[in-house]
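Notes follow once the structure below has been shown.
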Amino acid sequence: MQINSNVEQNLAKAMNKVTLPKKSRSYELCIKADALRFAKSYRESVKYYLDSIMMDRDHQEAYWGLASSYKYLTEYTKAIKMLEKLIQIDDKNDKYFFELGVCHLSNGEPAEAIPHLVQSIVINRENLEAQIQLAIAHELVEEEDLSLMIYNKLIETNPEFLKAYYNKAAMLMGMGNFEEASKTFFQLIKKNPDYYKAYLGIAMSFDKLEKYSDAIRYYRKFLQLKKFSEDAVFARQRIKELRELTFSKNNFLTLV
C-alpha cells in the first residue's frame, strides 16, 4: 500500500509541473491577424501582422499572412517584399516561390515571375498550378512555343487536369489558330461533358472559321448548360446575328 501511495504522490507532483507551453505575444497577434484575414478584413489584419513581425523577425506565419493580405488588397509590391523575406528564412518551401511568381504576374511582371515559378516546380514537381502559371508567364512574354510545350506535357502526364486543356485552347484562340483550339476544346468536353466554357470556346472557334451552322449549334449547347451566365447574353446575340447572316446569304444565292 505504501508503494502505491508513493507512486500516486509522485504522479501528482509530476502533473503539477506539467503546463502548456506559453504562447508568445507575437503568436497571439498573428492568430488575431489570421482571424481578421479569414473574415476578409484584410486592411485591419495588416496592423496585427506587422506588430507580430516587430516582436519576432523570423515569424514565418506572420510574413505569410501579411503577404496574403497585401495580395488581396492588390498591393503586390508589398506582398512581393514579404515573400522575398520568407524565402530568405526558408528557401525550400515551394508555395513561397509559387506565390512570389503569381504576385509578379499580377503586378504585370511576367518575366520576373518565370524564375520563381520554375524554382517552385523544381522543389515540388507535383505543383500543377505552378506549371499552369509558368505557361501563362511564357505566353505573356510572347514565348508561346514554350507555353504550348508546358500545356502539352501537362496533358500528357496529367490527362485529368482539365485546366491545361482549357488554357491551351484559349491561347490557341488568341494566336488565331481556331482549328487547333476547337480540337483541344473537344478533348476537354470528352473528359468532362459539363465543362460549359468549352462549348462556348468551340462555338467561337467555329464562328471565326465561318462555320456558322456549327457555331450556332454549340452556342445553343453552351446556353443549355449556362443560360444565366454573363456570357449568355453574348451567345444569344451571336445566334441571332448568325441566323440573320445565314438567311441573307441564302436569299442572295436564291436570287442569283
Side-chain angles (χ1 to χ4, degrees), residues 101-102 105-106 108 110 113-114 117 121 125-254:
V102 169
L105 274 177
S106 300
I114 289 172
L117 293 168
I121 296 164
R125 296 190 180 277
E126 301 302 313
N127 191 336
L128 303 184
E129 189 59 36
Q131 296 178 53
I132 285 284
Q133 296 301 320
L134 180 59
I136 292 170
H138 280 300
E139 181 185 354
L140 290 172
V141 296
E142 299 181 357
E143 294 174 345
E144 290 89 351
D145 54 336
L146 291 176
S147 292
L148 279 174
M149 183 181 71
I150 293 169
Y151 288 135
N152 288 335
K153 187 66 176 176
L154 272 170
I155 290 168
E156 178 188 344
T157 57
N158 300 273
E160 303 307 315
F161 188 45
L162 303 185
K163 193 172 184 178
Y165 296 88
Y166 182 78
N167 281 34
K168 176 188 173 182
M171 189 181 79
L172 287 167
M173 287 184 72
M175 295 167 63
N177 193 342
F178 301 107
E179 191 72 45
E180 286 301 315
S182 65
K183 289 178 182 177
T184 307
F185 280 128
F186 275 118
Q187 286 181 300
L188 177 49
I189 60 175
K190 189 175 181 181
K191 291 286 182 183
N192 181 3
D194 294 325
Y195 206 109
Y196 65 91
K197 289 183 179 180
Y199 292 99
L200 182 60
I202 292 169
M204 292 173 69
S205 295
F206 282 145
D207 200 338
K208 291 292 185 180
L209 291 167
E210 298 184 1
K211 297 180 179 180
Y212 298 135
S213 296
D214 291 328
I216 289 171
R217 183 152 59 95
Y218 280 93
Y219 280 129
R220 284 174 174 166
K221 284 180 178 290
F222 165 73
L223 289 171
Q224 287 172 4
L225 290 172
K226 218 65 179 168
K227 60 182 177 181
F228 297 118
S229 71
E230 292 180 4
D231 293 317
V233 175
F234 164 78
R236 290 191 188 94
Q237 181 62 30
R238 195 59 189 148
I239 288 172
K240 181 182 177 182
E241 291 169 352
L242 291 179
R243 277 177 174 168
E244 292 172 356
L245 180 64
T246 305
F247 177 77
S248 299
K249 187 180 291 187
N250 288 340
N251 278 356
F252 173 76
L253 289 172
T254 303

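Taking the six-membered ring wherever Trp is involved, the centroid distance between the rings of F185 and F206 does not fall below 6.0 Å.
Checked by atom type and distance alone, the side chain of Y199 never pairs as donor or acceptor with a backbone atom of D194 at under 3.5 Å.
Contact between A113 and G101 at its shortest, heavy atoms only, is CB-O, 3.2 Å. Scanning all heavy atoms of the two residues, the minimum distance from S147 to A135 falls at OG-O, 2.5 Å. In plain terms, the two heavy atoms of Y212 and L242 that are nearest each other are CD2-CD2, 3.3 Å. Residue D207 comes nearest to A215 through the heavy atom pair N-CB, 3.6 Å, listed as atom of the first residue, atom of the second, then distance. The nearest pair of heavy atoms linking I132 to A164 is CD1-CA, 3.8 Å. Nearest heavy-atom pair across Y151 and M171 is CE1-SD, 4.2 Å.
A cation-pi arrangement is found for K226 relative to Y196, the charged atom lying closer than 6.0 Å to the ring centre and inside a 45° cone about the ring normal. A cation-pi arrangement is present between K197 and Y166, with the terminal nitrogen or guanidinium carbon under 6.0 Å from the aromatic centre and inside a 45° cone about the axis.
Between I150 and the options I121, L134, N167, a side chain to side chain contact (heavy atoms under 4.5 Å, CB included) holds for only L134.
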Stepwise side-chain contact (heavy atoms from CB on, under 4.5 Å) check, I155 with F161: CA-CA 7 Å; I155 290 168; F161 188 45; over 6 Å; no
Residues K168, E180; criterion side-chain contact (heavy atoms from CB on, under 4.5 Å); working and verdict: CA-CA 10 Å; K168 176 188 173 182; E180 286 301 315; 5.9 Å; no
One pair to check against side-chain contact (heavy atoms from CB on, under 4.5 Å): F222 and S229. What are the steps and the verdict? CA-CA 10 Å; F222 165 73; S229 71; 3.4 Å; yes
With side-chain contact (heavy atoms from CB on, under 4.5 Å) as the criterion, how do E143 and D145 come out once you've worked through the C-alpha distance, each side chain's angles and the decisive distance to 0.1 Å? CA-CA 6 Å; E143 294 174 345; D145 54 336; 4.1 Å; yes
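Two residues are said to be in side-chain contact when any heavy atoms from C-beta on lie closer than 4.5 Å; I114 and V141 meet this criterion. Under the 4.5 Å side-chain criterion, counting only non-hydrogen atoms from C-beta, R238 is not in contact with M204.
Rounding to the nearest 0.5 angstrom, the gap separating the CD atom in Q133 from the CG atom in L117 is 7.0 Å. Remark: E179 CD to L172 CG distance equals 11.0 Å, nearest 0.5 Å. The CD atom of E142 sits 9.5 Å away from the CG atom of L140 when rounded to the nearest 0.5 Å. Rounded to the nearest 0.5 Å, atoms CD (Q187) and OH (Y195) are 13.5 Å apart. In this structure, K183 NZ and I202 CD1 are separated by 13.0 Å, a value rounded to the nearest 0.5 Å. Atom NZ of K153 and atom CD of Q131 lie 10.0 Å apart (nearest 0.5 Å).
Taking the six-membered ring where tryptophan is involved, the planes of Y219 and F234 are perpendicular, since the angle between them exceeds 60° and thus also 30°.
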